[in-house]
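See structure below.
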Amino acid sequence: MSVRVRFAPSPTGNVHIGNIRAAIFNWLFARHEGGKFLLRVEDTDLERSTPEAIETLLECMDWLKLDYDEPAVYQSKNTQRHLEVADELEKKGFAYRDSRGGEGECVVFRMPAEGELEFDDLVKGRMRKKAKDLQDFVIVRSDGSPVFHLANVVDDIDMRITHVMRGDDHVENTFKHLELFRAIGSKAPEYVHLPMIVNNQGKPYSKRDGAAFVGEFREQGFLPDALFNFLVLLGWAPGDDREIMTRDELIEAFTLDRCKTSAARFDIKKLTWMNGEYIANQPREEFKKEFLARMARAGLPATPLFADLDSVLDPVQPRTKTYSDIPSNCIYLFTDDFPFDEKAVNRRLKKEGVRELLLEMAEKFETMPDFTEEALELIIKEKGESLGGMGAVVHPVRVAVSGVAEGPGLFELLVLAGRERVCARCRKAAEMAD
RNA sequence: ACUCCCAUCGUCUAUCGGCUAGGACAUAAGGUUUUCAUCCUUAAAAGCGGGGUUCGAUUCCCCGUGGGAGUGCCA
């Protein structure tokens with residue numbers, strides 16, 4: 001029988017990285033096994049499951065390229081079926097009506113009173129629980145609506161799910177679910193419980209710990225492939241020393257026996273590093289598209305003041321860690337109205353003789369015959385020798401032209417900026433000097 | 001309180017009884033570079049504690065400790 005797995009999120013506005021990680025594992029498993037990956041939207045909480053929330057969910061799936069193989073199932077459409085099953089269970093004596101909660105009559109599923117319940121988790125191994133440690137549980141609320149446990153199991157049956165892969169926090173539920181399958185008379189799927197993603201305190205990773213929702217990572221300028229790659233490595237490893245892997249490599253290598261059993265902390269620094277690697281290797285056209293979008297959003301022009309966009313992007317792309325740092329990192333290439341970094345100004349401009357130096361260099365730049373990298377290097381080197389090192393010229397000029405202390409190679413930068421701008425900026429910065 | 005789960009460098013992880021415990025991120029030092037990023041070299045950095053099983057335990061078992069999860073109308 002071929003593998004059928006599902007991702008079953010409740011659409012509550014944003015998709016948590018823990019949930020999407022579960023989705024990724026399901027997706028990889030399905031693709032590795034040549035099975036089906038399905039989406040079931042558990043939208044039974046009508047108040048929180050707004051159309052916008054569902055839209056957000058689908059966008060996340062799309063962004064991460066988690067394609068599913070059959071039309072999405074909406075759980076709220078199956079309510080009748082859930083209630084029929086509850087009726088059946090009640091008729092057969094597996095469930096009973098009770099009003100102990102006081103809110104009216106609900107339907108309660110009867111758990112075994114004694115004995116031991118067990119199942120083999122494909123990652124965690126054999127799980128056992130004494131029957132007396134599990135209580136009966138509500139499957140239909142007093143308002144007539146089916147509860148998660150019931151709906152989840154019935155839908156898994158109807159969707160012919162073969163493997164349920166979900167968060168660790170569901171292990172206890174699994175004992176209940178297994179009893180439901182048994183009572184309904186249906187073969188239960190295999191179960192796989194994935195460790196949680198936690199914060200520095202070991203608690204479930206939440207919005208308080210930083211970006212916690214897929215949309216936030218997208219907003220902050222992470223690539224879907226980088227996030228995907230990073231998340232897979234939380235709780236799974238290929239066994240060799242590979243870390244940056246393509247989708248195909250991940251699909252090829254992904255097996256359940258390499259999943260971990262312990263919780264993993266979310267390390268944004270490593271994600272950022274990985275994202276930088278992905279950006280550096282991104283096709284120029286893709287980078288350009290995102291670059292322009294970010295510039296537009298920041299209200300900056302789409303075309304550089306000088307040179308063409310590609311020349312400007314050459315030094316920018318390999319230095320970009322996340323898209324969100326694009327506007328501030330290259331604003332000086334697109335407008336003369338750029339900010340000066342205070343530290344850089346204090347360190348490189350507010351020094352004895354810098355004013356004169358900048359004016360002199362502006363003069364030299366203006367009069368040199370060819371404004372090329374080679375010629376610039378000669379001139380700057382020459383001037384530097386009289387000042388005890390090229391740095392004495394390079395640093396002030398860099399800050400004068402870009403406002404910041406880091407960036408592309410200076411000669412490259414000057415040529416990009418063009419003679420006219422360089423001279424103007426040197427003279428303007430000279431006023432800030434000393 | 002009870003039940004269950006988990007436990008290797010700061011972090012993510014490798015190790016399926018033989019380990020001088022490997023890799024990556026982060027950190028530190030050095031080299032390359034005009035700066036930053038990159039790149040190269042190097043350093044520091046781990047088996048929670050106690051018992052057992054074994055010729056030999058990070059690896060298997062038990063106890064403790066720590067963390068997490070769950071315990072009838074959330075999912």
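Numbers restart at 1 for each chain; the letters A, B, ... are given by sequence-line order, proteins then strands.
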Starting the side chain at C-beta, find the nucleotide from [options] nearest to [X].
X      : options                : answer
A/K321 : B/rU38, B/rC6, B/rU13  : B/rU38
A/V138 : B/rC12, B/rC73, B/rU15 : B/rC73
A/A237 : B/rC5, B/rA14, B/rC6   : B/rA14
A/R265 : B/rU11, B/rA75, B/rC4  : B/rU11
A/S142 : B/rC73, B/rU13, B/rU35 : B/rC73

In whole angstrom, what separates [X]'s [atom1] from [N]'s [atom2]?
X      : N      : atom1 : atom2 : result
A/K129 : B/rG70 : NZ    : C1'   : 6 Å
A/Y205 : B/rC12 : OH    : P     : 13 Å
A/Q135 : B/rC2  : CD    : P     : 15 Å
A/L413 : B/rU35 : CG    : P     : 14 Å
A/I379 : B/rU34 : CD1   : C1'   : 15 Å
A/H177 : B/rC4  : NE2   : P     : 20 Å
A/D133 : B/rC4  : CG    : C1'   : 9 Å
A/E412 : B/rA37 : CD    : C1'   : 12 Å

**OP:** Show your reasoning for whether side-chain hydrogen bond (donor to acceptor under 3.5 Å, both in side chains) applies to A/T272 and A/N275.
**Re:** CA-CA 5 Å; A/T272 303; A/N275 201 57; over 6 Å; no
**OP:** Over 60° means perpendicular and under 30° means parallel, so classify the ring planes of A/Y191 and A/H193, tilted if in between.
**Re:** parallel
Original post:
Which word best sums up how the rings of A/W27 and A/F228 line up, parallel for under 30°, tilted for 30 to 60°, or perpendicular for over 60°?
Top reply: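 A/W27 and A/F228: perpendicular rings.
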Subject >> Lys NZ or Arg CZ of A/R40 over A/Y74 ring: under 6.0 Å, within 45° >> reply: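 So A/R40 doesn't make the cation-pi contact.
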**OP:** Identify, between A/L233 and A/H395, the residue whose nearest nucleotide on RNA chain B lies closer to the 5' end.
**Re:**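 The 5'-side residue here is A/L233.
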**OP:** Nearest-nucleotide wise, let me know which of A/L234 and A/R128 is further upstream toward the 5' end of RNA chain B.
**Re:** A/R128
With a 3.5 Å limit on both atom pairs, tell me what [N] is paired to, counting Watson-Crick and G-U wobble, or say none.
N      : answer
B/rU32 : none
B/rA37 : none
B/rU20 : none
B/rU15 : none
B/rC4  : B/rG68
B/rC25 : B/rG10

Original post:
For the residue pair A/L414 and A/F371, what are the closest heavy atoms and their distance?
Top reply: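 Nearest heavy atoms, A/L414 then A/F371: O-CE2, 3.2 Å.
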Original post:
Can a side chain N or O of A/R258 be found less than 4.0 Å away from OP1 or OP2 on B/rU15?
Top reply: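 So the side chain of A/R258 is within the cut-off, an N or O lying under 4.0 Å from OP1 or OP2 of B/rU15.
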**OP:** Look at A/R141 and B/rA75 and indicate whether a side-chain polar atom (N or O) is within less than 4.0 Å of OP1 or OP2.
**Re:**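 Yes, such a contact exists.
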[atom1] atom, [N] versus [M]: distance in rounded Å?
N      : M      : atom1 : answer
B/rG49 : B/rG30 : C1'   : 40 Å
B/rU53 : B/rC61 : C1'   : 7 Å
B/rA45 : B/rC9  : C1'   : 5 Å
B/rU3  : B/rU11 : P     : 30 Å
B/rC6  : B/rU41 : P     : 39 Å
B/rU59 : B/rC48 : C1'   : 16 Å
B/rG51 : B/rU65 : C1'   : 14 Å
B/rU71 : B/rA26 : C1'   : 40 Å

Shorter than 3.5 Å, N or O on both sides, protein versus nucleotides 25-29 of chain B: list them out with atom names.
unit_1	atom_1	unit_2	atom_2	d
B/rC25	O2'	A/K270	N	3.4

Original post:
Under 3.5 Å, is there an N or O donor on one side and an acceptor on the other linking the side chain of A/R319 and the base of B/rC36?
Top reply: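 Yes.
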Subject >> Under 3.5 Å donor-acceptor pair, A/N173 side-chain atoms to B/rA75 base atoms >> reply: yes
Subject >> Donor-acceptor under 3.5 Å (A/N229 side chain, A/E243 main chain) >> reply: yes
**OP:** Ignoring hydrogens and angles, tell me if any N or O in the side chain of A/H16 forms a donor-acceptor pair with the backbone of A/Y205 under 3.5 Å.
**Re:** yes
Original post:
Picking from A/W273, A/F222, A/F266, what satisfies ring-ring contact (aromatic ring centres under 6.0 Å, His included) with A/F230?
Top reply: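 Answer after filtering A/W273, A/F222, A/F266: A/F266.
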Original post:
Using a cut-off of 4.0 Å on non-hydrogen atoms, how would the nucleic acid contact of A/F230 be classed: base, sugar-phosphate, or nothing?
Top reply: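 The answer is nothing, as A/F230 stays clear of every strand by at least 4.0 Å.
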**OP:** Quick one: label A/K124 by what it contacts on the DNA or RNA (base, sugar-phosphate, nothing), any heavy atom closer than 4.0 Å.
**Re:**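 Sugar-phosphate only.
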Original post:
Can A/S145 and A/D143 be counted as having a side-chain donor-acceptor contact under 3.5 angstrom?
Top reply: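 Yes, because at least one side-chain N or O of A/S145 sits under 3.5 Å from a partner of the opposite role on A/D143.
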Any carboxylate oxygen within less than 4.0 angstrom of a Lys/Arg side-chain nitrogen, looking at [X] and [Y]?
X      : Y      : answer
A/R425 : A/D336 : yes
A/D314 : A/R284 : yes
A/K288 : A/E286 : no

Original post:
Can A/H170 be classed as stacking with the base of B/rA75, given a centroid separation cut-off of 5.5 Å and a plane angle cut-off of 30°?
Top reply: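 Stacking is present between B/rA75 and A/H170, given that their ring centres fall under 5.5 Å apart and the planes under 30°.
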Original post:
Roughly how far, to the nearest 0.5 Å, is CZ of A/R128 from CZ of A/F175?
Top reply: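 Here the rounded value is 9.5 Å.
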Original post:
Which letter, B, S or -, goes with each nucleotide of nucleotides 63-68 of chain B from 5' to 3', with contact meaning a protein heavy atom under 4.0 Å?
Top reply: -----S
